[in-house]
Amino acid sequence: MGPIRGYKKRRKTDKRTEENASASASGSAEKERSVDWWDEFSKSINGLQSPSKSLDRFEQVFRITRKTFNYICSLVKEDMTAKSRDFTFLNGKVLSLHDQVAVALRRLSSGDSLVTVADSFGLNHSTVSQVTWRFVEALEEKGLQHLKWPSTESEMTQIKSKFEKIQGLPNCCGVVETTHIMMLLSSSDPLSNVWLDHEKNHSMVLHAVVDPEMRFLDIVAGWPGKMQDSTVFQSSNFHKLCERGERLNGKKLELSEGSEIREYIIGDAGFPLLPYLIVPYKAKELSEAEAEFNKRHSATQMVANRALARLKEMWRIIHGVMWRPDKHRLPRIILVCCLLHNIIIDLEDEAQSDIPLSDKHDPDYQQQICESVDVKGVYLRDKLSSYLSGKLP
């Protein structure tokens, strides 16, 4: 499968999702009370204890609450139980739906090898691989409602309001950022050089637009890491929709009498300055207003940096260096990790408070610089700078 392009996300859980989560949680809870799924399953787990004393053992192993786990089970149940083949533990016991989801989540969240996960759960490593892939296929089919661009004016208004509360940027709709998923490829792979990036690592790019609560609103996954951030953005469906006036073309905001600004997103210096994408000033000597703008811009940009850092920290299969991944399947794994990231936010998972918040998602990569400038982008940035410094009439 080629690059995952243009998947989008709405910013908050709709009523039906909340009802499904509640129904799933209560229904699964009743089932688990009768069969003691977790009590039985946890007895077979080896070496998965955590030093954290603030969480119960389930949350130590999976770093999500039972409510979130049950909701995820409800999403994938139909697809994962529709397959005729049964998977079994080494002792011959058939894996239930909960068992399969637990194995898949552990594989995605730990980043451990197939053999390590298999040994922990008493499984064959090929079973871990097949169960995880069945889960990926099911969630990318049933979970896309958790990754969509806002579809109503009220949803977008809330996003703008929350962004403005961060550092005062008015009418801002998102932050764009790119990160690298590093890979260890075989030296015999004839296409390995295609994936060799500017830091001499083999990597795949994840490009994302993020809302103020660190949700992914739109992602692109699958391009080689050697591609510039600006090139990935300009190849994206998001860029094409903006160019056609089908996105970031909502209600304008009046800053002062006779002065208004359109909707826009912000990005770092690696992106082009466009009428709807605002990057920081790059001159060596900045005016007071320009320096103040860059300060506010950088603080707001941190939202995307933290989202990508949290994604990699939580779903460690895409953290560090992946050993010889299937480059056709990897974009779909990345997408599912993004869906899980959003589901956790949508369900307000309390277990996440135990995970430290960082903004270092690509610590070994230098800042890219893009010199592409659109005059309309210059005009919008200067207007924002003047407004933020109190100099706009």
Within the side chain of [X], is there an N or O that forms a donor-acceptor pair under 3.5 Å with the backbone of [Y]?
{"X": "Gln352", "Y": "Ile344", "answer": "no"}
{"X": "Arg381", "Y": "Ile278", "answer": "no"}
{"X": "Ser298", "Y": "Asn294", "answer": "no"}
{"X": "Asn171", "Y": "Arg262", "answer": "yes"}
{"X": "Glu313", "Y": "Ala309", "answer": "no"}
{"X": "Arg316", "Y": "Asp112", "answer": "no"}
{"X": "Asp349", "Y": "Thr65", "answer": "yes"}
{"X": "Ser386", "Y": "Asp382", "answer": "yes"}
{"X": "Lys142", "Y": "Ser74", "answer": "no"}
{"X": "Arg63", "Y": "Met314", "answer": "yes"}

Between [atom1] on residue [X] and [atom2] on residue [Y], distance to nearest 0.5 Å:
{"X": "Met183", "Y": "Met322", "atom1": "CE", "atom2": "CE", "answer": "9.0 Å"}
{"X": "Leu97", "Y": "Ile72", "atom1": "CG", "atom2": "CD1", "answer": "11.5 Å"}
{"X": "Phe121", "Y": "Arg107", "atom1": "CZ", "atom2": "CZ", "answer": "12.0 Å"}
{"X": "Ile317", "Y": "Thr132", "atom1": "CD1", "atom2": "OG1", "answer": "7.0 Å"}
{"X": "Gln234", "Y": "Met227", "atom1": "CD", "atom2": "CE", "answer": "10.0 Å"}
{"X": "Ser203", "Y": "Lys226", "atom1": "OG", "atom2": "NZ", "answer": "10.5 Å"}

Is there a side-chain contact between [X] and [Y], using heavy atoms and a 4.5 Å cut-off?
{"X": "Lys312", "Y": "Asp362", "value": "yes"}
{"X": "Phe238", "Y": "Leu217", "value": "no"}
{"X": "Pro224", "Y": "Trp195", "value": "yes"}
{"X": "Cys172", "Y": "Tyr264", "value": "yes"}
{"X": "Leu255", "Y": "Lys383", "value": "yes"}
{"X": "Arg296", "Y": "Glu292", "value": "yes"}
{"X": "Leu105", "Y": "Ile64", "value": "yes"}
{"X": "Arg106", "Y": "Ser120", "value": "no"}

Could you see if [X] belongs to whatever hydrophobic cluster contains [Y]? Use Ile, Leu, Val, Met, Phe, Trp, Tyr and a side-chain cutoff under 4.5 Å.
{"X": "Tyr379", "Y": "Leu274", "result": "no"}
{"X": "Ile266", "Y": "Met302", "result": "no"}
{"X": "Val321", "Y": "Ile181", "result": "no"}
{"X": "Phe163", "Y": "Ile261", "result": "yes"}
{"X": "Leu196", "Y": "Leu184", "result": "no"}

Determine, step by step, whether Gln228 and His198 satisfy the side-chain contact (heavy atoms from CB on, under 4.5 Å) criterion, reporting the C-alpha distance in whole Å, the side-chain angles of both residues, the deciding distance to 0.1 Å, and the verdict. CA-CA 9 Å; Gln228 295 284 347; His198 305 285; 3.6 Å; yes
Least distance between heavy atoms, [X] atom then [Y] atom:
{"X": "Ala289", "Y": "Ser385", "value": "O-OG, 3.2 Å"}
{"X": "Ala138", "Y": "Asp79", "value": "CB-CB, 3.7 Å"}
{"X": "Leu388", "Y": "Pro170", "value": "CD2-CD, 4.5 Å"}
{"X": "Leu206", "Y": "Cys338", "value": "CD2-SG, 4.1 Å"}
{"X": "Arg215", "Y": "Asn342", "value": "CA-OD1, 3.5 Å"}
{"X": "Ala304", "Y": "Val175", "value": "CB-CG1, 3.5 Å"}

On the 0 to 90° scale, with breaks at 30° and 60°, tag the Trp38-Phe58 ring pair as parallel, tilted or perpendicular. perpendicular
No-hydrogen, no-angle side-chain donor-acceptor test under 3.5 Å, Ser129 and Ser126: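 No, because no side-chain N or O of Ser129 sits under 3.5 Å from a partner of the opposite role on Ser126.
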Modelled atom types, side-chain donor and acceptor of Ser96 and Asp99, under 3.5 Å: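 A donor-acceptor contact under 3.5 Å links the two side chains.
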Got a sec, which residues hit ring-ring contact (aromatic ring centres under 6.0 Å, His included) with Phe233, two or more places apart in sequence or on another chain?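 Phe233 satisfies ring-ring contact (aromatic ring centres under 6.0 Å, His included) with His207, His239 once adjacent residues are dropped.
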Answer with yes or no after comparing the ring centroid distance for Phe216 and His341 against a 6.0 Å cut-off, counting only values under it. yes
Does [X], at its [atom1] atom, have more than 12 non-hydrogen atoms belonging to other residues, nucleotides or ligands within less than 6.0 Å?
{"X": "Glu153", "atom1": "CD", "result": "no"}
{"X": "Glu78", "atom1": "CD", "result": "no"}
{"X": "Glu246", "atom1": "CD", "result": "yes"}
{"X": "Lys77", "atom1": "NZ", "result": "no"}

Verdict with reasoning, Cys173 to Leu248, per side-chain contact (heavy atoms from CB on, under 4.5 Å): CA-CA 8 Å; Cys173 300; Leu248 296 177; 3.7 Å; yes
Let me see the working for Thr127 and Phe87 under side-chain contact (heavy atoms from CB on, under 4.5 Å), right down to the final yes or no. CA-CA 7 Å; Thr127 301; Phe87 296 105; 3.9 Å; yes
Electrostatic pair Glu348:Lys67 at N-O distance under 4.0 angstrom: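 Looking at Lys67 together with Glu348, the answer is no, because their closest N to O distance does not fall below 4.0 Å.
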Show the numbers, then the answer: is there a side-chain contact (heavy atoms from CB on, under 4.5 Å) between Lys93 and Glu40? CA-CA 12 Å; Lys93 178 187 174 185; Glu40 185 67 26; 4.1 Å; yes
Partner of Glu263 under salt bridge (charged side-chain N to carboxylate O under 4.0 Å, His left out), chosen from Lys160, Lys252, Lys251: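 Result for salt bridge (charged side-chain N to carboxylate O under 4.0 Å, His left out) with Glu263: Lys160.
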Among pairs that include at least one residue of residues 287-319, which meet ring pair (Phe, Tyr, Trp, His ring centres under 6.0 Å), considering only residues two or more places apart or in two chains? Tyr281-Phe293, Phe293-His297
